[in-house]
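Just follow the structure's listing: the first ligand is 1, and inside any ligand the first atom is 1. All values derive from a computational prediction rather than experimental measurement.
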Amino acid sequence: MSTVATANDPTPYRGRFAPSPTGPLHAGSLVAALASFLDARHCSGAWQLRVDDIDPPRAVAGSVEAITGALSAHGLFWDGPLVFQSASDTRYERALQRLTNMGCLFRCRCTRATLSDRGSCGQNCEDREISSGEPHSLRVKTHPEQMHGFEDRFLGIQSVFADTIPKDFIVKRRDGLYAYQLAAAIDDAQPHFTHIVRGADLLDSTYRQRWLQQLLKLEAPAYGHVPVVLDEAGNKLSKQAGAAALDTRQPEDNLRAGLRHLGQTAPPSSARSVAEILTHAVEYWTVGK
Ligand code: GLU
């Protein structure tokens, strides 16, 4: 079994669930919320709710209310106030400034049509003069030989393979918005959060976020990735692909399904209420492989 933080650890556990406000919670996002909640509570830690609202064009009105309502219906109550990433612009801008001063960024004029492998710049923009007035994104260069692997608490050792890491990736978009990779890298670093538990579809992002944390000398949290929920065709459930919203009238069934998906011991049939199911799940939570 992998290690979990205990109440005796010097840094108190701080975990989070970080949905984007792009639609209601579905069975897949419930699994991510549930896993991060159970891990935090099992370790007597704090669990916060951060709304990743840095992409207004993708935001869907009413999502925050729908997400918080569904979490509450499932007994997943968070600590402290809701945190909105949109309030952190100055933090992101300062980080970009530092990366620029360190010579880690370059302007890129690529559009979707000119991208290379895994979304890297496809036109050698790094070696071109691109003025600040020209439409461009900002990209950070990667150096796989300097990137550290890490131990995923659920998946075990993760090594960095040069051919799976993009040459570079976007930290500020062409439309002027901060990229998810930048915002998450900064907001997830310690002391904000000590443990990040989320879906395995974000493992690629973890490499990028850890690279930014490394460059910015931020202390990385511990990461753990849980299996994603797939639809009948084998695709990840996602809000963009129109996954059905959770039926909040049957939270007990949804929680039991989530626990099954996460390979947890089933709560006894005597546990009927949301609170009873969660109490059992917190106690018996295991991150073993
Ligand atoms: N907000 C992003 C999402 O909903 C990121 C989640 C995360 O980093 O946990 O996919």
Side-chain angles (χ1 to χ4, degrees), residues 13-40 45-60 62-68 70-71 76 78 82-89 91-92 95 119 150 152-155 158 169-171 173 177-190 192-213 218 220-231 235-243 245-246 258 262 287:
Y13 184 120
R14 274 186 301 279
R16 57 45 160 196
F17 176 53
S20 303
T22 50
L25 225 54
H26 53 71
S29 34
L30 178 70
V31 161
L34 183 61
S36 58
F37 173 88
L38 295 176
D39 197 57
W47 186 68
Q48 294 186 321
L49 185 56
R50 185 184 76 209
V51 179
D52 287 358
D53 59 342
I54 47 165
D55 192 353
R58 281 185 51 220
V60 173
S63 303
V64 176
E65 295 72 14
I67 292 169
T68 51
L71 289 173
L76 305 177
W78 56 96
L82 277 186
V83 176
F84 290 88
Q85 276 196 323
S86 55
S88 299
D89 275 18
R91 238 182 9 231
Y92 307 144
F150 66 100
D152 186 288
R153 293 176 52 232
F154 296 73
L155 304 174
Q158 303 295 307
F169 60 90
I170 292 180
V171 285
R173 296 170 14 176
L177 294 173
Y178 300 103
Y180 157 67
Q181 305 296 352
L182 178 81
I186 293 169
D187 290 344
D188 286 344
Q190 300 199 40
H192 300 293
F193 297 107
T194 56
H195 293 73
I196 303 301
V197 175
R198 58 187 180 187
D201 54 313
L202 291 169
L203 193 53
D204 270 4
S205 292
T206 298
Y207 283 109
R208 298 175 213 200
Q209 292 164 20
R210 285 176 52 87
W211 176 235
L212 290 172
Q213 289 163 350
L218 300 172
Y223 286 95
H225 295 85
V226 296
V228 295
V229 179
L230 305 177
D231 64 16
N235 300 314
K236 179 185 115 76
L237 289 191
S238 76
K239 291 183 255 192
Q240 293 96 299
L246 277 174
L262 289 165
V287 298

**Asked** Would Phe154 and Tyr223 count as a close aromatic pair, with their ring centres under 6.0 Å?
**Response**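 So the answer is no for these two rings.
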
Indicate whether the side chain of [X] and that of [Y] have a donor and an acceptor atom separated by less than 3.5 Å.
X      : Y      : value
Gln181 : Tyr207 : no
Arg198 : Thr206 : yes
Tyr92  : Asp187 : yes

**Prompt:** In order of chain and number, which residues sit within 4.0 Å of ligand 1 by heavy atom?
**Reply:**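 Lining ligand 1: Arg16, Ala18, Pro19, Ser20, Asp52, Tyr180, Arg198, Leu202.
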
**Asked** Under the criterion salt bridge (charged side-chain N to carboxylate O under 4.0 Å, His left out), which of Asp52, Asp188, Asp39 is the partner of Arg16?
**Response**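 For Arg16, the salt bridge (charged side-chain N to carboxylate O under 4.0 Å, His left out) check succeeds only for Asp188.
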
**Message:** Can you tell me how the ring of Tyr13 sits relative to the ring of His195, calling it parallel under 30°, perpendicular over 60° and tilted otherwise?
**Reply:**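 Parallel.
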
